[in-house]
Amino acid sequence: MNDRAGPNRSAIFLNKLKTYFSQPYNVILLLFGVVVTVTTIAPIVAIMKDTFSIHPGTIDQHLTGMTSGYTTVNYIDLFTGQMAKANLWTPLWNTVLLAVGTCVVAILFGGLVAFLVTRTNMAWRKYISSIFIFPYIMPQWTLAVVWQNLFNSNAVTHTSNGLLASLFGINMPSWWCQGLFPSLMVLGLHYAPFAYILIGGIFRNMDANLEEAATILDTPRWKIAFRVTLPMVKPAILSTILLVFGSAMGSYPVPHYLGLTTLSTKYVSMNSNRTGEASILAIIMMIFGVAIMLLNQMSLKSRKSYTTVTGKSGQISKVNLGKVGKYIVALALVVVTFFTSIFPIVSFAFETFLPNPGDYSFLYTGDPKNLTTKWWTTDENVSENGMYGQKGILHNEAIWKAFRGTMLVSIACSLIAGTIGTLIGYAVSKNRRGRWANYVYNMAFLPYLMPSIAVGAAFFILFSNEHINLFNTYTLLIITGVIKYIPFASRTSLNSMLQLSGEIEEAAIIQNVPWIKRMTRIIIPIQKSSIISGFMLPFMTCLRELSLFLLLCTQGFILSTTLDYFDEMGLYAFSSGINLILIVTILVFNTLVNKLTGASLDEGIGG
Amino acid sequence: MPRIELTHVTKRWDKFYGVDDLNLVIEDNAFVTLLGPSGCGKTTTLRMIAGLETPTSGKITIGDQVVFDSESGINVPPNKRKVGFLFQNYALWPNMTVYQNISFGLTNIKEPRKLTKQEIDDIVHRVAKVVHISAFLDRYPAELSGGQQQRVAIARTLAPEPSVLFMDEPLSNLDAKLRLEMRSELQRLHLETGSTFVYVTHDQMEAMTLATKICLMENGVLQQYDAPLTVYGQPNNLFVADFVGNPAINFIEAKGAQNADGTVDVTILDGRKATFTPKGSLSLKEWYAQADAAAAEKERLHAEKAARKGYVEKSNKDTVFRYHVARVDDEEDTGEEGTLTDEDLVIGVRPEFLELSENGAMEGEIYSAMPTGMETTVKVRVGNFLLTGVVFGGVLYQIGQKVRLDFRGDDVVLFSRRNGRIITQGSLRIQ
Amino acid sequence: MKKRTLALLLSASMVVGLLAGCGPKDPDPSQNPNPPVGDQETQKPENNPPVENLTAVQKIIKEAEGMTWEELAAKAIEESNGKTFYGVGNSSRGKSALPLFIDALKAIDPSYDMTFEWQQPKNNKIFDQLTADGLKDTGTFAMTLIQDGNQIESKMVQTGVLDTFIPKAWADANGTTADAVTGYLPLQTLNKVFMYNNQGSKTYTNCWDFVAEGEHGLFMDIDSEIVGKNFLYMLTREDYATWLKDAFEALPADKQSQFQGTIDAMASDASDLGLGANGKYALAWIKLWVESYAAQTDDGPICNTLVAKSAADQFGLLVYSKLRSVEESAEVSKNNINVAAYDDGYQGIGGYGYCHYLFVTDNSPLPWTACAFIYYMTCTADGFSAWGKDMGGYSSNPNVAAETEETYHHSIGGMSEDGTTVEFECKNDRGYDWWTGEGKLVLEDPEYCASVAFTVGSWIEMLTKYAG
């Protein structure tokens, strides 16, 4: 065997190489395999190294007496020092509670609405369905600000009275206003659309025969729900957990505003004088991300197959809520969604006309003198107009520069992440059993599962050295955003490619249609709606991302940091105005894309 | 030009052998059908030739070009193999009209030169006319019926005028009448285009009627590769005999030894004595010796292969085909046969060789009769056994009617029960 | 003997504190001594080292410190014409000051032009950013405007990332010389002061009232606003601890008894931490404060809250200048609040003063221009106008401060049009002198902060913060 192959082994190798690279999906897998490996591993290595480095002016210098070099003192102090409980265990526990709580709220609320919309005859389903997505469109902490504006009170939080306190004199208890409960409620509401879309997708396609079969066998309703319906929805629930858990863990602004100490907020606060220990916190958050991925892998294996429930058509039996019931339930949802979706927007708009931030004089007096358009129209910042030296939104270069920056980052991220993700999804679908393909897919997915703030921290450390210093550049933001959001596209792309019969492409291969043309003329047009959502999701998410970019740029660089800056400063008129700009932008883009391609947002988030 | 040759082609997924050491030559201008029950490896074979599937090992040549050779790492991608492929599910591009579906491939032709718009238009209209879809050129696939979609797929495949055309059960989704119609269309196309056709089907009728040669496979192994009538008349083994032919062949278990004159005295059908007279000269003993030697050689080769690095044992093992003997009390085949000797034989009698007459040698009773007008299929009960026969013309039989019967002609087949293979053909006389 | 050494050290550190912390305003000869003997251990190495040991930028700084505005401007024009100037700072106003600076250079050479970018990093990122930038041979940033003396000292100055440049005119105005200045160059002092809403019945006449049972002051969280933590550090310095003690003794007996237990309990901690005799008063106040304040994200929301009618009896410690932007309405009025220190009979600390410092980066790409810009901001009223136009920021240059007051009249900022009728009492800024004297403003001393950051600092971290 050997001597037969010996003489032309190199030729054989060459041939094999040629064969390997003649398949576009192999090229894609190899290329992006290397890319995602580097972009995923390198930041982790950088942040690992940081945990052992000595940072001048911080605790490790104080404890070791050295100004440079390496030490394990950060680990020792974090885990065993007298601050271990305050700096590590309590935040860790809070983080886990927050992440779990967020998943529970998102799944219960999103699942319930999904059920009501798809499986009952509730009234106004269409309205509720579209309005329900809104909290995801808005930056997550805006809901936290709304929460505060609703429930804060002089008596409990020592601030000015919120709406509930000033209108009805109701002072909500402290646990309701600050800490874990409001944080997980706000994040849960924010991520509920995920659960709604994923679970709703299954409800919508689920063959009602399955339930009907059980009904005919005279199974009690609750038993049907637990033994038939719930197992069917399980994959969607798992997907939701997969998508939400890491995101909730890594959220910085919500716990920051609502006064909950989590690993993310602790990371930020410890960064000044316990820098190395803060990096350890980031690593702990990353470990959670990896763990979730492994759990997901295991659950996939035990399920054997990737396909969820397809079901051809099947009459969906709708639960009858009764003539009055269907309106009562709908009304309840309308009220809830009013507060999660409409009220924020209305209050944002209103806020931009108040003379002072949070000054609702107009509501008490009805006197239009207590309203102003100065926040929009002031075109100079020399005379003091109670605007803290800022020009009005319409004339504020800083805001519009940040807006352009955000658009640049979002569009670039969306195009790059969308393209790469789509290609990865395509390549993996062509090589479903390949080990390398699965590796590439998982490697590409990993950054998504890692908390944003930790990813941001890792990228900051990676790109802040004597050779490359990308801090506060759009390049850095785009790189980070792309890495983080590839999974949106790769996931939707893989799922849609798997639905596409291989013959469709083979028919074109046989006719010697070049790969590019196969993609652009056949595959992408057929699966355009889910592929477009693979582009839209990074765009939308990027537009309002804060946790990820928080550590990577200065505060006027992009809209979300500008927005957060104004929110922290208490200039709610500006932050509200920016919020409106963001929401309008997303709606405009969504409508445009919808009109141009027929694809819509609530398709294919997870597929 | 395009003669296709497969040498030791094997495809396996882990331990499962989809195609096992297949050697096959498809002559130019042939119409070959790959036939076999589902899962036998015929579609895999086709896809490997087309390049859509990569063999685990072996060598494939199309014309004078080696398109695949595992030894030297050659694997020409499908688009460079210059073949046409008709998919089972049509694989029409739903986002394109019929016209676009057909023309899309043509716009990619670069050799010898790019086609002009006019040329493409001409071709589209020509092939559309051939398959009678000229009226639907502006429609989308979803707006067509199954048969129409099928024809679009054919038109799309034909348009670039491939010299080799592969078809993967193209008619399986059509209703019976349309299938019959399309079958003759295909035959005509084969003649008109002069291309080499390779056609996968599990329908033996389709294979028989269309092919110039049938390649019958089972469990990834080639069973017989011959002209349809050869496959029908001289089946290589029990499996082939059973798979081809409708109504199915009658298997009659026999026990007997060869006489000095070459005839074989056998006991069949519960003790009835009969004589099998081979067509040509035959020495059973020699035949067995040869067969055993061949089997031993095969075993040796296999052992050698098994010793090599990277060999994976076939999990889907090959076994001798378990033929079915029809009985009145159709008891379950227990699968226990005891030890078979050289005297254990099986005689295969095609239904048309069963002769019902006034003075046949054996008595039977009509068990069932199914007249179609052109012919009547009858099942005759002999003792506990059932024999199927075909009688031409509109003869009416009463159920239970006594008849006498004989075995006609000298194309009755003698198989070894031990290895399931054909020994010879000849005539069978009841004593 | 011991007492005398202590006293000597104390007075020395006080002087250094004043000098280093925030530029002295009124050059009183006795307060601007030559580097005192006791100051030796805090002498920074780069201050008076032999010339040959200086880095390239330090040499330029040395040269520049002897130059007049015209000389320096000429160097800057030569260096940076047509280039881009990158600055980074905690104050966004650097962005407003730069165009004025460019105009000033244009006035000298009309052909001069320079583009600029001013970055304002979030949270504590400015230190990471400068550290990372400091690794390069030639940095991106030419200079910085930065706060938090504690971290500046440990992360920036001791590591050699930043260099101090003392403009000649500034030294002159303060009656000193560049070589004699041992601290950093402050652009301005900002003050955070105690304010309370007066719509309720409560009054606050003593700084101990703010930590009394049931009180929850609004304050930026000390983990996100590090200068807030520095305020607490500074309280432990003996002179400020003594202020607290004095205020405590001014309390009526019943109130005293409320705090006495806590103060006594702190005695051992104070000696463990190496604090002075009155350290226990400081620790007690700190403990009560940390365990009671209601954390807010910024001074903006605190201000918004306090000026509203509904915030009866609430109080906070926040940047004084926030008041400038409050608009009058039915619900909101600047007259809804009192600045505690302005009240007659108020006892104890009135707030906290910290500085914006100016530095040239040690790998500055445009060191001459950086020096010129710093010169312009600290030595001309135009240069300071980006900050000077608003109340609550006091230039470290007495001449500039005087000129600014001349132009903007912050001391009568609360008067109505006629200039004599008090419209908004709280907006009559009593000025730096009053605040550092009668107003008992606790001033940040970077070196003191750095020295206790991990002693007092860790002690503070162990306290349980108030959480709703």
Side-chain angles (χ1 to χ4, degrees), chain A residues 1-27 430-435 496 499-531 597-599, chain B residues 13-14 43 47 49-54 66-96 100-111 141 152-153 156-160 162 164-166 168 307-310:
Chain A
M1 184 80 192
N2 263 350
D3 46 13
R4 234 192 321 156
N8 52 357
R9 197 184 283 169
S10 65
I12 294 171
F13 180 71
L14 222 66
N15 275 334
K16 284 195 167 155
L17 222 57
K18 205 172 121 192
T19 305
Y20 183 81
F21 284 114
S22 70
Q23 299 292 358
Y25 58 80
N26 283 329
V27 180
K430 291 282 151 197
N431 200 352
R432 198 71 191 98
R433 288 192 181 84
R435 229 170 251 197
S496 64
Q499 288 165 7
L500 196 62
S501 154
E503 290 182 353
I504 291 280
E505 191 185 357
E506 285 165 359
I509 296 178
I510 286 287
Q511 296 207 339
N512 200 11
V513 177
W515 178 73
I516 294 281
K517 230 170 160 182
R518 296 203 297 269
M519 292 302 284
T520 54
R521 296 289 304 280
I522 297 175
I523 293 174
I524 294 174
I526 294 176
Q527 292 296 9
K528 67 180 175 196
S529 70
S530 52
I531 286 174
T597 66
Chain B
W13 290 275
D14 199 18
T43 297
R47 289 171 59 84
I49 305 173
L52 298 172
E53 201 87 62
T54 308
V66 177
V67 293
F68 180 84
D69 186 355
S70 60
E71 297 254 304
S72 52
I74 294 172
N75 187 3
V76 176
N79 47 327
K80 302 280 180 239
R81 295 190 185 187
K82 294 177 185 142
V83 296
F85 202 113
L86 194 56
F87 293 91
Q88 181 174 11
N89 295 317
Y90 319 142
L92 295 178
W93 301 310
N95 56 320
M96 297 186 190
Q100 287 166 329
N101 259 290
I102 299 171
S103 64
F104 188 57
L106 298 173
T107 59
N108 292 300
I109 294 175
K110 300 230 167 57
E111 287 161 15
V152 174
R156 182 177 69 180
T157 314
L158 288 178
V164 187
L165 188 53
F166 298 129
D168 185 4
R308 270 189 224 152
K309 214 178 79 181

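Hydrogens, waters and symmetry mates play no part in the numbers below; they use all other heavy atoms, side chains included. By convention in this document, chain letters (A, B, ...) are assigned in the order of the sequence lines, proteins followed by strands, and residues within each chain are numbered from 1.
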Taking ring-ring contact (aromatic ring centres under 6.0 Å, His included) as the test, write out the residues that go with B:Phe104, two or more places apart.
->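 Checked B:Phe104 against ring-ring contact (aromatic ring centres under 6.0 Å, His included); matches are B:Trp93.
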
Atom group of B:Leu86 that falls short of 4.5 Å from chain A, counting heavy atoms =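 Nothing of B:Leu86, per the 4.5 Å heavy-atom cut-off to chain A.
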
Proximal component of B:Thr54, with respect to chain A [non-hydrogen, under 4.5 Å] =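 Looking at B:Thr54, nothing touches chain A.
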
Interface residue of largest heavy-atom contact number with chain A, from B:Pro94, B:Ala153, B:Ala91, under 4.5 Å =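 Of B:Pro94, B:Ala153, B:Ala91, B:Ala91 has the most heavy-atom pairs under 4.5 Å with chain A.
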
Top contributor to chain A contacts, counting heavy-atom pairs under 4.5 Å, from B:Arg156, B:Lys82, B:Gln100, B:Met96 |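 The residue among B:Arg156, B:Lys82, B:Gln100, B:Met96 with the greatest pair count is B:Arg156.
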
Select, from A:Pro514, A:Ala507, A:Gly502, the one with the greatest count of heavy-atom pairs under 4.5 Å involving chain B.
->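 So the answer, after comparing A:Pro514, A:Ala507, A:Gly502, is A:Ala507.
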
Which one of A:Ile522, A:Ile509, A:Leu14, A:Ile526 has the most heavy-atom pairs closer than 4.5 Å to chain B?
->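 Between A:Ile522, A:Ile509, A:Leu14, A:Ile526, the count favours A:Ile522.
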
Would you mind reporting whether A:Trp515 and A:Glu505 have side-chain heavy atoms less than 4.5 Å apart?
->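 In short, these two side chains touch, coming nearer than 4.5 Å.
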
Using a 4.5 Å cut-off on heavy atoms from C-beta on, say whether the side chain of A:Lys517 contacts that of B:Thr107.
->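 A side-chain contact exists here, since the closest heavy-atom pair is under 4.5 Å.
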
Are the side chain of B:Asn95 and the backbone N or O of A:Arg521 linked by a donor-acceptor pair below 3.5 Å?
->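 Side chain of B:Asn95 to backbone of A:Arg521, a donor-acceptor pair under 3.5 Å: yes, one is there.
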
Starting at CZ of B:Phe166, measure out to CZ of B:Arg47 and round the result to the nearest 0.5 Å.
->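 So the gap between those two atoms works out to 12.0 Å.
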
